[in-house]
Amino acid sequence: METTKFADDFTVDELISVCIARQIANGELIVQGLATPLVMAGYILAKLTHAPDVLFASAIGQSLCRGWAPPSLSHAEAMWLDKALITFGFTRVATELLPRFRPKEFFRPAQVDPYGNTNNVFIGQDYHRPRLRLPGSGGIADVTTYGDQAYLYVPRHSRIVFVERLDFRSGLGHHPARKRGRGPRYLVSDLGQFDFEGPEGRMRLVTLHPGVTLRRVQRKTGFPLEVAPDLHETPPPTAEEVHLLREVVDPLGIRRLELLSGQARRQMLREILARESGGA
Amino acid sequence: METTKFADDFTVDELISVCIARQIANGELIVQGLATPLVMAGYILAKLTHAPDVLFASAIGQSLCRGWAPPSLSHAEAMWLDKALITFGFTRVATELLPRFRPKEFFRPAQVDPYGNTNNVFIGQDYHRPRLRLPGSGGIADVTTYGDQAYLYVPRHSRIVFVERLDFRSGLGHHPARKRGRGPRYLVSDLGQFDFEGPEGRMRLVTLHPGVTLRRVQRKTGFPLEVAPDLHETPPPTAEEVHLLREVVDPLGIRRLELLSGQARRQMLREILARESGGA
Amino acid sequence: MMATGERDGQTPPSEGGAGASPGDKRISLAEAAALVQEGDTLALGGLTLYRRPVAFVRALLRRPDPPRHLTLLALTAGFESDLLVGAGLVERVRTCYFGLEVFGLAPMFTQAAGEGRLTIVEETEASIAFGLRATLAGVSFMPGLGWLGTEMLSVRPDVKVVQDPYGEGEYVAFPAIACDVAVLHALRADREGNAVLGGNLGIDQELAMAARRVIVTAEEVVERLDEPLDLAGLVVDGVVPAPRGAWPTSCYPFYPLDGEALLRYVEACPVHFADYLDAWLRGDDE
Amino acid sequence: MMATGERDGQTPPSEGGAGASPGDKRISLAEAAALVQEGDTLALGGLTLYRRPVAFVRALLRRPDPPRHLTLLALTAGFESDLLVGAGLVERVRTCYFGLEVFGLAPMFTQAAGEGRLTIVEETEASIAFGLRATLAGVSFMPGLGWLGTEMLSVRPDVKVVQDPYGEGEYVAFPAIACDVAVLHALRADREGNAVLGGNLGIDQELAMAARRVIVTAEEVVERLDEPLDLAGLVVDGVVPAPRGAWPTSCYPFYPLDGEALLRYVEACPVHFADYLDAWLRGDDE
């Protein structure tokens, strides 16, 4: 048996995508929401490595796909329309596919509390005059209340995201009000991997990404952290995984946008757009 | 202006189809249920004469069609699939199209009472041991409770069909229990045409088909008949209408099956099947 | 089927087809027929005389121990369903139309119903359509227009009426419909169960999503379909090559309805049903 | 539109488009924009940055008297909706996502919401999908899974919870969603309003059936479409030729998303929105 060759260098976006990929089992139906390129990169990587038979579904196109195409800013529909096996429309997805099949999906919360409850609606004290209005909950306030395949990711771990109390609970975690399904199973951030096996479904640090200290994670988390007894280092990406991500899965590096904001993100958007229109 | 040329000879199936055609207005969406070739002939005739812009929908195919094809026993789907503009599937038809658009449809009841309530479920006194179990109500128990475009036809007028009291009310007429919509507007049989403008929505004879007497209609109806003050003769088919029915709309005469039963119907089915497989 | 973990619905989708992981789900007609168990709700796709899974029904009737006490579910039921009733496999019928269209009444259904030997769960288009949508949505009912003012509720004492929470009126709460095995006949399928049904969809797509197990019989089974699909293999447990598998019902545009065969049936039945069935199971009529 | 007599629904389909009988429903963008009235619920088809009716929005904003107090309805709202909010036409927003995906927050929506100048009818995918299905079914609600346990109900006091009539639990009764005018952008349409939308359907088909009036803008308007349709002209009141009518959002496969145009917008707003809008209405950016 060959020994796994770990990558000599990798970036945190690559590590997050690899962590996402490793949560995917072969044969699963996996769903991608809007504006989640780290997830898309992870899904495609899974397909190209250990999970060749996954089926993709997406908010864009509302189709099921066996095939894939690299993420694109300008041609986001390409994968979902050209590779569609069957198209449902959003009404059937929301009222039939999601409640019937309860597929695995990775969500990016704007706030998450110790129990994996999440908020994507607003930041502030007053819903009617929010400090920051967010885009809205999409389908998170639906599927997290009945599904059991909610996975979370946080590209920029901070006390702004990980809070003791949410300003608004739009995604249901491990919460006493739950009637159906179960709270999130997993969370990956740029600092480590977490499960929710703490007391009453509390978030628990399971692995630290290479070079990250427990102290740093705790400092950047707005509530006391549970830590798994066998806390260890996140297995780094393999050389093959990094190669695939960079050269095959997402050569434009669209996944990296999720780690940037403001001027830096706009700068990178411009670079990617230029490369796309230059005919990548 | 040309004077209308009435047909010298016509059969009762032709007259019924013509009466149905004349109830169709241009531009309407008209729906055909299962096993109703007299209705199909009438619809197509309407399209070829005064209502070129009707849109057809049908239980078979669940499509909308602008074009048409002659009725067929062996290739019933041909019209509905080859000419489909758009296909809905039965679930969307029953839960969206019918309640939203409430289109015009002709129903054939096994029993009809003086108020246009109808029965297609069973004949007899006991639902659990019926004298004759019928195929079922299809969608009649749905659309007649909320729509206002129910039209009825009875190819063989008799006291078995027109009864004072139904054995089971599966289609809602002009009935005090009605909450939405309205009862049937019109009925055509092999003896005459009727509306429901009598007291409390009672069925009312409006025209007698050529050669039919009021006395004969009354004798064949199981309840006292209301009669319109201006009772007159049904305008006969025009020469053009008869020509179209025989030569263009339904050259195999499939509409005639609805006037036959038992051995006579099977005989005619065999003749039509032979002509269809012989390559009409 | 797919591996998406546990489900909490009343009627969870099936947990693993013959082939388990996505891959080759091809099985024989006999293997498909063996999936139906005593007391199951068996749904048959297609419409009345069109694209019915007749070859599957024959395989079911050929079983040495045909399953009994079935609940037969179909939007409309025709020849294939009448055979199952005549052969005594069916205890309950859920359909809004059971007949042979212009070919007449369904003789064995008519006889069994007249003798009180069938439990009929009286349905309409709306009750079946909303009932399946309720199952897919994971709720116990869907409210819809229909039935109020008719006598439908008197023969469906299990069906409740709910108050409009936003107004004065009331609606029928069409209950969720569960299904153990759904069998659909396709024009083409691939070995993963992806399928093309043609335009006359009926309720096939909803049945395939609602049923615990799904069998697709197909005129032709290919390696891989890449045309637009009507059914995703995701929900399919078994794929059966069954050329002329809808005969004597039609499989448009491949072959027409065989009206002569239907006439032979209605002329034989109900009196000579047993002889008809014997001959039909031997394949004399094929 | 079609002449099927009176209807008793809360939100009856429209009673006759610009062209009355089926036939030529072609109108200009200005005529289409004139159909929207003060206080209307205006639905915009497409998804976030994809196939949005942007040319229509420009025509609406170019009206000398743009209608105000609109309720904006969209599954997801993006650039085109942000312009309407920034220009002060929108009083209420019904959507489950208002933003520009990886291009960032929608600046004018974010600002207006922060200042308390918008009424937000907080929605989710399920509440919009079930709400439209309720409208189509002619009922006041559809029960569905979702929301329970979250704080959604606290910001939607109009939404009720109903008891499961067949069990112990409860469901959210997602209320029917009414719509005055729906505007959809199509790849191709014909003069009767038949249209091809492409595969990214969103909720366009349901909006078209739910709305009192429907406008289709299309990259190309032909005499008669005979390919398989996504939308039947039956429900369409006006057809508008609008080449590049989705720009800067995409119209796959005809043209891509214009990311540079979106970046110019997010960099100008909210501070320089007025200048941006002036230039955009003049067509400087076309």
Side-chain angles (χ1 to χ4, degrees), chain A residues 34-35 37 59-63 73-78 80-82 84 87-91 93-95 98-99 121-122 127-146 168-172 175 177-180 254 257-258 265-266 269-270 272-273 276, chain D residues 47-50 75-76 95-99 101-106 109-110 112-116 120 122-130 132-133 142 144-152 154-155 169-170 198-206 250 252-253 256-260 263 266-267:
Chain A
L34 293 174
I60 300 175
Q62 308 104 53
S63 54
L73 291 181
S74 312
H75 301 89
E77 302 98 321
W80 304 108
L81 302 191
D82 295 350
T87 292
F88 291 97
F90 226 117
T91 307
V93 167
T95 63
L98 295 177
V121 169
F122 77 98
Y127 175 72
H128 299 288
R129 281 201 73 119
R131 189 147 52 78
L132 180 64
R133 171 69 207 193
L134 301 168
S137 80
I140 302 177
D142 305 322
V143 297
T144 58
T145 70
Y146 60 78
F168 185 82
R169 186 169 68 253
S170 62
L172 189 61
H175 192 281
R178 173 177 292 282
K179 309 268 195 245
R180 304 174 176 94
I254 292 177
L257 289 167
E258 290 201 69
R265 181 187 283 202
R266 288 197 294 274
L269 282 165
R270 285 218 153 83
I272 295 169
L273 290 168
E276 285 190 351
Chain D
L47 219 67
T48 341
L49 306 177
Y50 316 102
L75 179 65
T76 61
T95 183
C96 72
Y97 177 95
F98 202 137
E101 299 196 1
V102 293
F103 294 87
L105 298 174
F109 165 73
T110 308
E115 294 173 0
I120 297 177
E122 203 69 42
E123 301 278 5
T124 62
E125 293 169 6
S127 66
I128 291 177
F130 282 116
L132 288 173
R133 282 200 166 173
M142 284 287 168
L145 300 186
W147 288 29
L148 296 179
T150 73
E151 291 180 294
M152 287 294 294
S154 72
V155 296
E170 45 187 31
N200 194 10
L201 291 171
I203 55 169
D204 284 11
Q205 293 178 318
E206 288 78 12
S250 68
Y252 192 84
L257 179 69
D258 186 342
E260 275 292 344
L263 282 171
V266 298
E267 287 177 343

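Protein chains get the first letters and strands the later ones, always in sequence-line order, with residue 1 at the start of each. Atoms considered below: every heavy atom in the structure, side chains included; atoms not considered: hydrogens, waters and symmetry mates.
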Next item on the list: Could you tell me which portion of A:L73 (side chain, backbone, both or neither) has an atom closer than 4.5 angstrom to a non-hydrogen atom of chain D?
Entry: both
Next item on the list: Go through D:E151 and A:Y127 one step at a time and tell me if the side-chain hydrogen bond (donor to acceptor under 3.5 Å, both in side chains) criterion holds.
Entry: CA-CA 11 Å; D:E151 291 180 294; A:Y127 175 72; over 6 Å; no
Checklist line | Residue part contacting chain D, namely of A:A84, when any heavy atom lies under 4.5 Å | finding: neither
Checklist line | Partner set under side chain to side chain donor-acceptor pair (under 3.5 Å) for D:E260, not counting sequence neighbours | finding: A:R270
Next item on the list: Quick one: list whatever passes side chain to side chain donor-acceptor pair (under 3.5 Å) with A:S170, sequence neighbours left out.
Entry: none
Checklist line | Chi angles and distances behind the salt bridge (charged side-chain N to carboxylate O under 4.0 Å, His left out) call for D:E101, A:R265 | finding: CA-CA 12 Å; D:E101 299 196 1; A:R265 181 187 283 202; over 6 Å; no
Item checked: Choice from A:A177, A:P130, A:S63, A:G136 maximising heavy atom contacts with chain D below 4.5 Å -> A:P130
Next item on the list: Check each atom of A:I254 against the heavy atoms of chain D and say whether the ones under 4.5 Å are side chain, backbone, both or neither.
Entry: neither
Check: Of the backbone (N, CA, C, O) and the side chain (C-beta and beyond), which part of A:R266 lies under 4.5 Å from a heavy atom of chain D, both, or neither?
Finding: both
Item checked: Interchain contact, A:I272 with chain D, by part (heavy-atom threshold 4.5 Å) -> neither
Next item on the list: Just give me the residue among D:G259, D:G114, D:A112, D:S250 that pairs up with chain A most often, heavy atom to heavy atom, under 4.5 Å.
Entry: D:G114
Margin query: For chain D, which candidate among A:A94, A:G61, A:A35 shows the most heavy-atom pairs at distances under 4.5 Å?
Written below: A:G61
Item checked: Atom group of A:I60 that falls short of 4.5 Å from chain D, counting heavy atoms -> both
